[in-house]
Number of protein chains: 2
Amino acid sequence: MEEFAALSGISRPTLSKYFHDPESVRPSTRNRIEEALSKHDYRPNIYAVNQNRRMTKNIGVIVPYLADPFFAEIARNLERRVIDAGYSPVLFSSHGDRNQEKDILDTLRSQKPAGVLMAPLGRNSDRSYIEAFCADVPTVLFDSNLEGLGEAFVGSDNFSFVSQSVQYLHSTGEPPCFLEMANPANPNAHKRRRAYLASMEALDLEPEVLSVPGEGWGFEEIGYQAGLDLLTRRALPTDTVLCSNDRLAIGFLAACYECGVRVGKTGGCDLRVAGHDGHPFSRYTSPSLTTVAHDYDAVSNHSVETLFTVIENGGHLPDRAETLYPARLILRMSA
Amino acid sequence: MEEFAALSGISRPTLSKYFHDPESVRPSTRNRIEEALSKHDYRPNIYAVNQNRRMTKNIGVIVPYLADPFFAEIARNLERRVIDAGYSPVLFSSHGDRNQEKDILDTLRSQKPAGVLMAPLGRNSDRSYIEAFCADVPTVLFDSNLEGLGEAFVGSDNFSFVSQSVQYLHSTGEPPCFLEMANPANPNAHKRRRAYLASMEALDLEPEVLSVPGEGWGFEEIGYQAGLDLLTRRALPTDTVLCSNDRLAIGFLAACYECGVRVGKTGGCDLRVAGHDGHPFSRYTSPSLTTVAHDYDAVSNHSVETLFTVIENGGHLPDRAETLYPARLILRMSA
DNA sequence: ACAAAATTTTTACGCGCGTAAAGTTTTGTC
DNA sequence: GACAAAACTTTACGCGCGTAAAAATTTTGT
C-alpha cells in the first residue's frame with residue numbers, strides 16, 4: 001500500500017479511507033485513485049485489513065443440509081443479496097450433524113464476521129452453544145426458529161402452509177391424513193402437525209396423523225419406506241395424503257408408483273398426495289406434486305435486511321422480532 | 001498470546017510453534033500448553049496468523065451449481081476430507097454464471113488458500129482467467145476438465161458411463177437413442193455424445209442423437225420440454241431413450257408421465273429411459289431411474305489427495321495427471 | 001558424570017494496514 | 001477576498017502474531 005501510495009501520489013491514510021468506503025473521499029481524489037488502480041492493480045491484504053478492524057465484511061451463512069435443494073436455493077438467494085450489499089458471504093452446511101454445526105460456529109466466531117444468517121438444525125442443535133455464539137456475533141435465524149435465540153427470526157408461517165393445503169384438499173375431496181416423521185429433526189415439522197390438527201378441527205374433521213419411523217435427513221427414503229409399508233398393509237385411513245414436506249412426498253410417490261397405486265386428482269386415480277415447501281423438484285415428480293411453497297424471495301430478502309439492521313444497530317435489536325411469511329398454494333396434478 | 005504465555009508459563013515463540021504444529025514441541029511442553037489451554041481457552045487470531053504466513057490452511061472448493069444435488073453431494077465429501085486433513089474448506093458455488101466464477105477466483109486469490117479444488121463451469125468458463133489463477137494458486141480440477149489447466153484433473157470416465165449403458169440397453173432391448181442438450185454448459189456432455197457414437201458404432205448399430213434446445217442449468221425443465229415435444233410429435237426413433245444425464249432424464253420422465261407413456265423395462269411398457277450420473281434423487285423417480293453412477297468416493301478422495309500432493313510438492317507437479325474413474329451401472333425399473 | 005544435541009527462553013524486528021493527531025491544502029460561502 | 005469547514009498529508013503508533021538470532025536450559029547418549 002505504501003508503494004501504491006507513492007505511485008498514485010496519494011497518501012496512505014487516504015487510500016485506507018478509500019478502500020474502506022470509496023464514497024468517503026472527494027470525487028477528484030477517488031478518480032485519481034481509481035485511475036492508478038487500473039494501472040497497477042493493487043489489492044489490500046484482507047488479513048491485515050481484518051486484523052485491524054473489529055468486524056470484517058464477512059457474513060456467515062449456515063444451512064443445516066446443503067444437499068437439500070431447498071436449502072441450496074435459499075443459500076443462493078442469500079449469497080446474492082449479501083454480495084449486493086457489499087459483503088462477502090461465507091457458506092457452511094451442518095450436514096445434519098450436531099457437532100458439525102458447533103464446529104462451524106467455532107470457525108465462524110474466529111472469523112469475526114459482521115453477522116451470521118443461520119438456519120439451525122433445530123431439535124438437534126446445541127441450544128446453549130448457539131446461545132453463547134449469538135452473544136458474541138450478531139445472528140439472525142431463519143427457516144427454523146429456536147425460541148429466544150438470535151436477534152431475530154425470519155421464516156415461513158407453518159400454519160399458513162397447512163391450513164391452505166388442508167382447506168384445499170377438503171374442499172375438493174376427502175379430507176387428508178397427515179404423513180410425518182415420528183422424530184423429525186426440524187421444529188417446523190412439529191408446528192406443521194399442530195397446524196394440521198388445528199385446521200382439521202376448525203373444519204370439524206377428524207384428524208389422522210401418520211407418524212412414521214426414520215432418522216436423519218434422508219427424507220425421500222423415509223417417505224418411500226413409509227409408503228411401501230402403508231400401501232402394502234392397506235393402512236391408509238383416507239384417499240388423500242398430506243405430507244409434512246415435499247421430500248417425504250417425493251419418496252411416498254415413488255412407493256405409490258411401485259405399488260401400482262395411481263396418484264392424482266383426476267378420475268380413475270386411487271390416491272391424492274400433496275406436500276409442503278415448494279421443493280425445486282416437486283414440479284418433476286410423476287405426477288407433478290401439488291404443494292405449498294415458501295416465499296423464498298421474501299424470506300431471504302427480509303433475513304438479509306434484518307441482519308443489516310442489526311449490524312447498523314451495533315449488533316443488537318431492542319426486541320427480538322419474529323417475521324413469518326405466508327405460503328403459496330401450487331396446484332399440480334397429484335392432488 | 002502474550003498474556004496466555006504468561007499465564008501458561010510458556011514462552012510466546014514456543015506457543016507459536018505449537019499452534020503451527022503441535023508435534024513440533026516436546027511432549028511435556030505440549031501437555032503443559034494443552035492443560036493451560038483447557039483453562040483459559042485462548043485461540044490465535046486467524047487474521048494475524050494468516051498475515052504472517054505465506055499460505056493459509058484454507059482449501060477453496062468451487063462447484064458450478066450447488067443447487068444440483070450431485071454437486072452438493074460431492075462438496076460434502078470434499079469438505080469432510082479436507083477437514084480430516086486439518087484444513088478448512090471454503091465453499092463456493094458459481095451458480096452457473098461465468099462472472100460469478102471469476103469473482104470467486106478473485107475472492108479466493110486474496111485469501112491465499114493453500115490450494116483449490118475446482119469444478120469449472122466448463123464451456124462457459126473464462127479459460128484465460130482460470131489459467132492466470134492456476135498460476136498463482138495450486139489448483140486441482142475435478143468433474144469437468146479444462147485441457148491443460150490446473151495441476152491435475154480428477155473425474156469420471158465418460159466413456160465408461162456411456163458404453164455400459166449402451167451395451168446394457170442393447171443387450172436387453174432396442175438400442176438407445178441419445179437425448180442431450182444442443183448447447184450443453186458442461187464439456188462432459190460432449191464427451192458423452194462422442195462415447196455414445198463410438199459405442200453404437202462398436203456394436204454396429206445406427207446412432208440417433210436428439211439434441212434439444214435450452215440454455216442454462218435448469219436441466220429438468222429442458223428434459224421435460226423436450227419430452228413433451230418429442231412425445232406429442234411422436235418423433236422418437238426408438239423405444240429406448242438414453243439421457244446424457246439424470247436431470248434431463250428426470251424431466252423427460254415427467255413428460256412421459258403427463259403424456260401417458262408408460263416407462264419401464266417390464267412388459268406392457270412403451271418406453272425405456274436411462275440416464276447418467278447416479279443423481280441422489282434418481283432412486284425416487286417414477287419409475288425409478290436406471291442410471292450409471294459416478295464413483296463419488298473415489299473422485300472426491302483422489303481429488304483431495306492429489307491436491308495435498310501438489311501442496312507438499314510446493315504447488316506444482318512434474319506433469320499434469322488426468323485420472324478417470326470408471327462408473328457403475330445401477331439397474332432400476334425405468335430400463 | 002559430562003559433552004553433545006535438542007529445546008526453550010529472551011530479545012527484537014517486521015508483516016500490511018487502521019487510525020489518531022497535528023499541520024497543510026482545498027473547497028465552499030457571504 | 002476573507003474565513004471556516006472539509007479534505008488531505010505527514011508522522012507515528014499499534015494490532016497479534018511469525019520468526020530469526022543468541023543465550024540459557026533441558027534432555028540425551030555413553
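Proteins come first, then strands; the chains are lettered A, B, ... in the order of their sequence lines, and each starts at number 1. For the numbers below, each heavy atom of this structure counts, side chains included, while hydrogens, waters and symmetry mates do not.
- Side-chain proximity of B/Ala48 to D/dA7, D/dG16, D/dT26: nearest is D/dG16.
- Note: CE (A/Met1) to P (D/dT9) measures 12 Å, nearest angstrom.
- We find the OH-CZ distance between A/Tyr65 and A/Phe71 to be 11.0 Å, quoted to the nearest 0.5 Å.
- Proximity of B/Thr14 to the phosphate of C/dT9: a side-chain N or O atom is located under 4.0 Å from OP1 or OP2.
- A/Ser11 places none of its side-chain heavy atoms less than 4.5 Å from the side chain of A/Leu15.
- In the set D/dG18, D/dT27, C/dT19, the nucleotide with an atom closest to the side chain of B/Arg26 is D/dT27.
- Spacing between atom CD1 of B/Ile46 and atom C1' of D/dC15 amounts to 15 Å, rounded to whole angstrom units.
- A straight line from OH of B/Tyr18 to P of D/dT19 spans 17 Å, rounded to a whole angstrom.
- Atom P of nucleotide D/dG16 and atom CG of A/Asn50 are separated by 14 Å, given to the nearest angstrom.
- Within 3.5 Å, no donor on the side chain of A/Arg12 pairs with an acceptor on the base of C/dG16, nor the reverse.
- A residue-by-residue look at B/Arg43 and A/Arg32 shows that A/Arg32 has its nearest nucleotide of DNA chain D further toward the 5' end.
- When rounded to the nearest whole Å, the span between CD of B/Glu2 and C1' of C/dT10 equals 11 Å.
- Nearest nucleotide to the side chain of A/Asn52, out of D/dA7, D/dC15, C/dT8: D/dC15.
- Put simply, A/Ser16 has a side-chain N or O that comes within less than 4.0 Å of OP1 or OP2 on C/dG18.
- The closest side-chain heavy-atom distance from A/Arg12 to A/Glu3 is not below 4.5 Å.
- Per the geometry, CZ belonging to B/Arg53 stands 7 Å off P belonging to D/dT19, to the nearest Å.
- Distance A/Arg30 CZ to D/dA6 P: 17 Å, rounded to the nearest Å.
- In terms of phosphate contacts, B/Tyr47 brings no side-chain nitrogen or oxygen within less than 4.0 Å of OP1 or OP2 of C/dG18.
- Rounded to whole angstrom, the span from the CD1 atom of A/Ile10 across to the C1' atom of D/dC8 amounts to 9 Å.
- Using cut-offs of 30° and 60° for the angle between ring planes, the B/His302 and B/Tyr325 rings count as perpendicular.
- Residue A/Tyr42 is in sugar-phosphate contact alone, with no base atom involved, counting any heavy-atom pair closer than 4.0 Å across all strands shown.
- Taking the nucleotide of DNA chain C with the nearest heavy atom to each of B/Lys17 and A/His20, the more 5' of the two is matched to B/Lys17.
- Side-chain atoms of B/Gln51 lie closest to C/dC15 of the nucleotides C/dC15, C/dT9, D/dC17.
- If you check C/dG16, D/dT9, C/dT10 against the side chain of A/Asn45, the one that comes closest is C/dG16.
- Among the nucleotides C/dG18, D/dT11, D/dA7, the one closest to the side chain of A/Pro13 is D/dT11.
- Screening B/Thr56, B/Asp106, B/Val90 for a side chain to side chain contact (heavy atoms under 4.5 Å, CB included) involving B/Gln111 leaves a single residue, B/Val90.
- In this structure, the side chains of A/Val140 and A/Met118 stay at 4.5 Å or more apart for every pair of heavy atoms.
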